[in-house]
Amino acid sequence: VYASSSSVYGGNTKTPFAIEDRVDQPISLYAATKRANELMSHCYAHLYALPQTGLRFFTVYGPWGRPDMAAYLFCDAISRGRPITLNNDGDMERDFTYIDDIVAGVVAALDRPPGAGGGVPHALYNLGNHRPVHLRRFLEILEDALGRKAEVRLAPLPPGDVMRTFADIEASRRDLGFEPK
């Protein structure tokens with residue numbers, strides 16, 4: 001079982017993002033490396049019949065989270081009275097997924113490796129909350145929790161960033177029993 005990313009969907013406009021969607025036009029180097037990882041894993045599963053499952057994570061947050069993620073950057077800046085930057089004027093949506101749900105999905109994938117069934121023993125799944133949150137709403141929640149308003153600076157959408165992430169988790173529900181809580 002290995003980690004991939006919702007970034008592989010690039011600038012896809014059809015939502016929610018489904019495993020069957022095209023992911024051959026990444027818009028960031030990060031996305032390209034994650035997609036390359038998926039392709040190498042598929043090839044390895046084909047060559048050596050070693051079952052492998054790739055999990056596309058959607059905006060993971062919670063304890064021990066990555067300090068470069070918006071939740072942590074915004075909380076730190078608001079708490080210290082420093083400005084935050086909202087890209088695309090804050091008109092973005094993210095499918096925030098709590099770490100405990102991700103862990104449950106990883107364990108489920110470990111417990112249910114893909115079988116060959118006449119094909120390659122490789123599977124891909126989305127692990128997301130399936131409920132995108134508008135960035136401005138996200139900021140309101142943080143401000144309420146911290147008891148202070150953010151000083152906001154607006155900026156354009158940076159190259160390689162996307163407007164919206166939204167996970168189609170039907171395959172994860174069906175095959176892994178995944179249900180974000």
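We count residues from 1, following the sequence as given.
- Annotation: side chain of E151 is not in contact with side chain of R82 (no heavy-atom distance under 4.5 Å).
- Separation of atoms CZ (R148) and CG (L142) is listed at 13.5 Å; rounding is to 0.5 Å.
- The CE atom of M40 lies 11.0 Å from the CZ atom of R35; values are rounded to the nearest 0.5 Å.
- Proximity of P121 to L50: side-chain heavy atoms (C-beta onward) are nowhere separated by under 4.5 Å.
- V23 and V120 end up in different hydrophobic clusters when Ile, Leu, Val, Met, Phe, Trp and Tyr side chains are linked at under 4.5 Å.
- Residues I99 and P63 meet the side-chain proximity criterion, which asks for heavy atoms closer than 4.5 Å.
- Hydrophobic clustering (ILVMFWY, side-chain heavy atoms < 4.5 Å, transitive): F138 and I141 are in distinct clusters.
- Residues meeting the ring pair (Phe, Tyr, Trp, His ring centres under 6.0 Å) test with Y44, sequence neighbours left out: Y48.
- Side chain of E143 to main chain of A150: a donor-acceptor pair is present (N/O by atom type, distance under 3.5 Å, no hydrogens or angles).
- Residue L47 places its CG atom among more than 12 non-hydrogen atoms of other residues, nucleotides or ligands, all under 6.0 Å distant.
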Given the rule in the side chain to side chain contact (heavy atoms under 4.5 Å, CB included) test, do R56 and V8 qualify, once you have shown the distances and angles that lead to the verdict? CA-CA 8 Å; R56 293 176 177 168; V8 300; 3.4 Å; yes
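- Both V1 and V103 belong to a single network of hydrophobic side chains, linked directly or stepwise wherever heavy atoms of I, L, V, M, F, W or Y lie under 4.5 Å apart.
- Closest approach of Y30 and S5 over heavy atoms only: CE2-OG, 3.4 Å.
- When atom types are taken as modelled, the side chain of S41 and the backbone of N37 share no donor-acceptor pair closer than 3.5 angstrom.
- Screening E93, M92, R94 against V162 for a side-chain contact (heavy atoms from CB on, under 4.5 Å) leaves a single residue, R94.
- Of all heavy-atom pairs spanning N129 and D95, the tightest one is N-OD1, 3.0 Å.
- One finds the CG atom of L73 at 10.0 Å from the CZ atom of R66 (value rounded to the nearest 0.5 Å).
- The minimum heavy-atom distance linking S28 with G160 is given by the pair CB-O, 3.9 Å.
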Would D101 and K181 satisfy side chain to side chain contact (heavy atoms under 4.5 Å, CB included), going step by step from the backbone distance to the final call? CA-CA 7 Å; D101 293 328; K181 294 177 180 38; 3.9 Å; yes
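- Expressed to the nearest 0.5 Å, how far OG1 of T13 lies from CG of D21 amounts to 9.5 Å.
- Using a 4.5 Å heavy-atom cutoff, the side chains of T53 and P113 are not in contact.
- A donor-acceptor pair under 3.5 Å links the side-chain atoms of R112 to the main chain of L176, judged by distance alone.
- For the residue pair N126 and Y9, a side-chain donor N or O sits within less than 3.5 Å of a side-chain acceptor on the partner.
- The shortest heavy-atom contact between G105 and L55 is O-CD1, 4.3 Å.
- With F96 as reference, T59 is the one residue of T165, T59, V60 to meet the side-chain contact (heavy atoms from CB on, under 4.5 Å) rule.
- Taking every heavy atom of both residues into account, A167 and G128 meet most closely at CB-CA, 3.8 Å.
- Considering only residues two or more places apart in sequence or on other chains, D76 meets the salt bridge (charged side-chain N to carboxylate O under 4.0 Å, His left out) condition with R80.
- Taking every heavy atom of both residues into account, K34 and A3 meet most closely at NZ-O, 3.3 Å.
- Atoms NE2 and CZ, from H134 and R164 in turn, are 10.0 Å apart once rounded to the nearest 0.5 Å.
- In terms of modelled atom types and a separation under 3.5 Å, the side chain of T97 and the main chain of F58 share a donor-acceptor contact.
- Remark: aromatic rings of Y125 and F178 are distant, center separation not under 6.0 Å.
- A continuous path of hydrophobic side-chain contacts links I84 to Y61 [ILVMFWY only; heavy atoms under 4.5 Å].
- Two residues are said to be in side-chain contact when any heavy atoms from C-beta on lie closer than 4.5 Å; P114 and Q52 fail this criterion.
- A donor-acceptor pair is defined here as one N or O able to donate and one able to accept, closer than 3.5 Å; no such pair exists between the side chain of D168 and the backbone of F17.
- Under the 4.5 Å side-chain heavy-atom criterion for grouping Ile, Leu, Val, Met, Phe, Trp and Tyr, L157 is connected to L154 within one hydrophobic cluster.
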Show, in sequence, the C-alpha distance, side-chain angles and deciding distance for L135 and L86, and conclude whether the side chain to side chain contact (heavy atoms under 4.5 Å, CB included) test is met. CA-CA 8 Å; L135 192 57; L86 291 184; 3.8 Å; yes
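- Taking CD1 of I78 as the start and CG of L139 as the end, the distance is 5.0 Å to the nearest 0.5 Å.
- In this structure, E38 and L124 have side chains that are in contact, with non-hydrogen atoms separated by less than 4.5 Å.
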